[in-house]
Amino acid sequence: MTTGSARDEVLARIRHALSASPTEPIEPVRGYRRTGQYSPGAPQLLDRLTERLTDYRAAVHAATPRTLVSVLEAALDGTRRVLVPPGLPAEWIPASAVIDDGGMSPAELDAVDAVLTACTAAAADTGTIVVDASPDQGRRAITLIPDRHVCVVRAAQVVQTVPELLSRVDPHKPLTFISGPSATSDIELRRVEGVHGPRTLIVVLLSD
Amino acid sequence: MRIALFITCLSDALFPRAGQATTALLERLGHEVVFPPAQTCCGQMHINTGYQREALRLVEHHADVFADADVIVAPSASCVGSVRHQHATVARRFGRPELADRSAAVAAKTYELCEFLVDVLGVTDVGAYFPHRVTYHPTCHSLRLLRVDDKPLRLLRQVRGLDLKQLPDADQCCGFGGTFALKNAETSSAMLADKMANVLSTRAEVLTAADASCLMHIGGGLTRLSAGSRTLHIAEILAATDTADGRPTR
Amino acid sequence: MSQVFLGMPAHAPADVRALHGTQPFPAAARTALADSQLRRNLGAATATIRGKRAAAVAEVDDWEQLRFAGQQIKAATMARLDEHLIRLEQAVTERGGTVHWARDAAEANRIVTELVKAAGADEVVKVKSMATQEIGLNEALAEAGIAAWETDLAELIVQLGHDTPSHILVPAIHRNRAEVREIFLREMPGVDPDLADDPRELAMAARTHLRRKFLTAQVAVSGANFAVADTGTLVVVESEGNGRMCLTLPPTLITVMGIEKVVPSWADLEVYLQLLPRSSTGERMNPYTSTWSGVTAGDGPQEFHLILLDNGRTAVLADDVGREALHCIRCSACLNVCPVYERTGGHAYGSVYPGPIGAVLTPLLTGVLDNPTLPYASTLCGACFDACPVRIDIPSLLVHLRARSTELRAERRLVPTSEAVAMTVASWVMSKPRLFAWATRAARLGRLIARRGRIRSLPPPLSAWTATRDAPEPPTSTFREWWLNGKERS
């Protein structure tokens, strides 16, 4: 097997390259903003998240625990087959929904019209939502293949900055950071929303 | 103030009027101008073309010539940029830390004309009169190496009679780039074509800038096309005054 | 592979075609400059993206602090690169991944080919990746009978058009919508013959075309934007969702990553995930960023291979000035602001890495004598440094490489060029004030060929100047003559 020797060789090359002019690594100065001016869930953050998600062509609907069921119904309007992850709160699950058991193949998922999930955290500054494959968010494939993703974001999950967002997620889980629906700018740098990922992203912002 | 003029080789040999205007302007503002005659060239062309060993003797010569000057002023952002950002690096490359220190000391008291007027002398109205339509090209090295920002424009706005026109896409390079203009002549000319189109769109009579080299490039293109706009170093505009016959001096 | 000394940093081998152009930059540029459609496509596209980037950056009040942090984290990482790679290897392995090391392109291609064959596949889906383009993976797989399907829209346009990429981020930037439509109509099986040239409709055609591939592929190949040593986390930043498809659906995932892509800690991503999207697409955040650490039971690929690639990077690291080029996060902001790139496009650079960063990175990877004209493909205007999110001083690197180029020629006792002779003579003359004064006076001879204040034609090599520009008529007296003669009006 040659990989062992390649490993030794590359590491030896690196050490040789550095030994000619050794430099002590300097602790980087993190002079940028690591926490926002607003605390998680602040109304200003909900407004900003809404504005920035909308700017990138996601739809955002506000809901309260009382209105949630009707808001979700509206968000799923026109879809026939709805999939939900196994750990979604029971009161969110539409009557007709199918609960993912991990057994559906990609081709079978392609026949699903919409998926409804929770999220892990969101950042207002960039309009970003993170899903981490927890039971209320599901394995990665289910938020990828169906053409509509309805994602419930609880107000308390909304932080302001990217550093705050990263500090709230577990790097060991498979993470997907979502900022609006799938998009491309590959033809003449004109932005077109909706390519391979879900073409419709509906965020339901749930406040208490 | 006793000001040592760093004329630059290009201005010395081909554009003496930029140096004459710089002298007249600084004297008019009440300062003594001296010209250390041993000065030659800062070596920028050598450095930027890959000949640092050959440039080393020019770097050293420059540090020797200007070692005793109180303050040094040059009518060229590019050459000041080389002194400030390249000389010490060249010295260190060839294991000459003591020369690097001397070069850094010279660099610390070297100024491009516009930044000297605004930052050191604290003037923006230099008493100039220039009744012409003018547009200003911020050269790359004045803009991004020296960060002179809008200082030249602040000086030009105070010139009586001057009709200042904004140059579209002003921060775009004119395509000179020293030996780039020869090594990549076609690309250089393509950049020049766009710069000239922008200059002509202002219908300015005069294009000005802080570097004789870029002006030589754009001016060479304009005269080739008989385009009807001419180039003047900014020192020549700032030195111009209202004389008895009503015509500006040049 | 022959090697003289174990552990000597090595340049990318000469047979790595994606790093070796077939002609010098000025000649390749000449062809591109004459292509008026290319010029207009590029001019429009770079102007659009420059505007978007400027707006996205202006929104961030701590942008400069982020740039400084981005620069310093990379510098600190390079200073201990071996240690970070070992930690990365350990973390990925602990989480069920397999780590391979490749000294050069051929070795990396061999590893990928064997892995694909071991998975029993004869095709792979690919996420856009600079590293796999650099090593010519698609061609190597094709030789082994394995089809590689590019799934990024621009890469698909390039692949279907039998073309090569001309931009790091938007590889088909040189194509306009009408050209893309023609390529799709010609090359895409089953495409709607009434396809219009609307970008949305073209993107939908690509969606339909690739859908089946995504749902059935057994192996995916990706690059990586970042890899976190502490956690063993790989990061892919994308827009279209093709990346998510490739990283999630096929049972086997193979990631090829340059060794310089490692960052020490998870918190380092908070810097780069802010710098990269705003610099590259001019977005606050790209639509999708995927991260994974090893394999996750029941979710995504159950087999993950990470290939750590050298292919010249250790030689870059060995250059204590040039190593800064390894900080590049491939955002392509420097391409979009470069006046040379805007006019010549990417193909003129003859490398998968075009533009200002390519003009330094390519010769650093191959050795500057293999790409001697690239460091000169710049006016040193400095726009690239201002745009670089990790503050790579590209103009200074270009100047450094120009010096390396002439020094290496001298060391190898290559015949001095006429330029080298002229430069030596000039520096000697210029170091002697009296001689210099004489030489500037002698320039006055130029007055003999001047007409109406200008010179219209000069002999070579100055004829390159006078082909499109007049030269100034030398004055009747130099500045120093005027000064020494008592400052009389000339």
Side-chain angles (χ1 to χ4, degrees), chain A residues 2-3 6-7 9-18 20-21 23-34 52 56 102 106-107 110 125-128 133 139-141 144 162-163 166 171-190 192 195-197, chain C residues 6-9 45 48-49 62 65-66 69 72-73 76 79-82 100-103 107 153-154 170 172 176-177 180 199-200 202-203 207 215 231 233 239-242 244-245 248-249 266 269-270 273-274 281 284-285 287-293 296 298-300 310 314 317-318 320:
Chain A
T2 58
T3 46
R7 178 184 191 276
E9 171 75 15
V10 173
L11 287 171
R13 287 177 181 180
I14 292 170
R15 287 167 190 144
H16 193 281
L18 291 171
S21 53
T23 46
E24 281 301 310
I26 299 162
E27 185 58 33
V29 177
R30 297 182 189 268
Y32 54 89
R33 217 152 26 87
R34 301 189 82 182
R52 304 218 155 153
Y56 284 168
D110 200 28
D125 277 356
T126 54
T128 304
R139 60 191 172 115
R140 283 173 281 174
L144 173 61
V162 171
L166 285 172
H172 289 134
K173 291 185 171 175
L175 303 174
T176 307
F177 295 66
I178 301 171
S179 310
S182 157
T184 184
S185 300
D186 278 351
I187 300 172
E188 299 182 11
L189 274 305
R190 304 288 162 188
V192 174
V195 195
H196 301 297
Chain C
L6 181 78
M8 286 299 282
T48 303
I49 192 70
D62 54 351
Q65 287 85 350
L66 284 166
Q72 292 171 352
I73 292 166
R80 293 285 182 272
L81 185 59
D82 51 338
H100 311 256
W101 300 70
R103 282 166 283 216
E107 190 163 28
L153 177 54
V170 199
N176 66 21
R177 60 184 74 190
V180 174
R200 178 175 305 277
L202 294 168
R207 176 188 169 97
L215 300 181
T231 58
T233 309
S239 293
E240 296 170 8
N242 64 307
R244 291 178 70 188
M245 292 281 180
T248 309
L249 301 183
W266 179 252
L269 291 180
E270 71 191 23
L273 289 184
Q274 293 191 73
T281 52
R284 295 185 189 102
M285 191 63 91
Y288 299 134
T289 296
S290 297
T291 77
W292 71 98
S293 310
T296 306
D299 187 346
D310 179 356
T314 49
L317 192 66
D320 61 348

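In what follows, chains carry the letters A, B, and so on, assigned in the order in which the sequence lines appear, proteins first and then strands, with residues in each chain numbered from 1.
- Taking OG1 of T233(C) as the reference point, atom NZ of K173(A) lies at 13.0 Å (rounded to 0.5 Å).
- Between atom CG of residue D186(A) and atom CG of residue L153(C) there is a gap of 5.0 Å, rounded to the nearest 0.5 Å.
- Taking chain C as the reference chain and counting heavy-atom pairs below 4.5 Å, the highest number among S179(A), A12(A), P106(A) is found for S179(A).
- Across every non-hydrogen atom of V29(A) and Q72(C), the tightest pair is N-OE1, 2.7 Å.
- Between the S290(C) side chain and the L175(A) main chain, no donor and acceptor come within less than 3.5 Å of each other.
- Ranked by non-hydrogen atom pairs under 4.5 Å with chain A, the options G300(C), A45(C), P199(C), P287(C) are led by P287(C).
- For the pair Y32(A) (side chain) and A69(C) (backbone), a donor-acceptor distance under 3.5 Å is absent.
- For the pair D82(C) (side chain) and I14(A) (backbone), a donor-acceptor distance under 3.5 Å is absent.
- Taking CG of L317(C) as the reference point, atom CG of L18(A) lies at 4.5 Å (rounded to 0.5 Å).
- Taking a cutoff of 4.0 Å between a charged side-chain nitrogen and a carboxylate oxygen, E270(C) and R33(A) do not qualify as a salt bridge.
- Ranked by heavy-atom pairs under 4.5 Å with chain C, the list G180(A), S21(A), P171(A), P28(A) is led by P171(A).
- In this structure, a donor-acceptor pair under 3.5 Å is present between the side chains of T184(A) and E240(C).
- A donor-acceptor pair under 3.5 Å links the side-chain atoms of W266(C) to the main chain of L166(A), judged by distance alone.
- At distances below 3.5 Å, at least one donor-acceptor pair connects side-chain atoms of Y56(A) with backbone N or O atoms of R284(C).
- Looking at T128(A), the atoms closer than 4.5 Å to chain C (heavy atoms on both sides) all sit in the side chain, from C-beta outward.
- Nearest heavy-atom pair across V195(A) and A203(C) is CG1-O, 4.2 Å.
- For R34(A), the part sitting under 4.5 Å from any heavy atom of chain C is the side chain, from C-beta outward, and nothing else.
- Of the atoms belonging to A102(C), it is backbone heavy atoms, and not side-chain ones, that fall under 4.5 Å from chain A.
- Contacts between L144(A) and chain C at a heavy-atom distance below 4.5 Å involve backbone atoms as well as side-chain atoms.
- A donor-acceptor distance shorter than 3.5 angstrom exists from the side chain of R140(A) to the backbone of D299(C), with no hydrogens or angles considered.
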**Study point:** V162(A) and M285(C): CA distance, side-chain angles, deciding distance, side-chain contact (heavy atoms from CB on, under 4.5 Å) verdict
**Key:** CA-CA 10 Å; V162(A) 171; M285(C) 191 63 91; 3.8 Å; yes
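- Here the straight-line distance linking atom CZ of R207(C) with atom OG of S182(A) works out to 7.5 Å at 0.5 Å rounding.
- Each of A183(A), A141(A), A107(A) has some count of heavy-atom pairs under 4.5 Å with chain C, and the biggest count is that of A183(A).
- Between chain C and the options R190(A), H172(A), E24(A), the largest number of non-hydrogen pairs under 4.5 Å is found for H172(A).
- With chain C as partner, the option from A20(A), G127(A), P163(A), P181(A) having the largest number of non-hydrogen pairs under 4.5 angstrom is P163(A).
- Checking side-chain atoms of E107(C) against main-chain N and O of A6(A) turns up no donor-acceptor pair under 3.5 Å.
- One distance of note links CD1 of I73(C) with CD of E27(A); it measures 9.0 Å at 0.5 Å rounding.
- We find the CD-OG1 distance between E188(A) and T48(C) to be 8.5 Å, quoted to the nearest 0.5 Å.
- Across every non-hydrogen atom of I26(A) and A76(C), the tightest pair is O-CB, 3.6 Å.
- Using a 4.0 Å cut-off between charged side-chain N and carboxylate O, D310(C) and R13(A) make a salt bridge.
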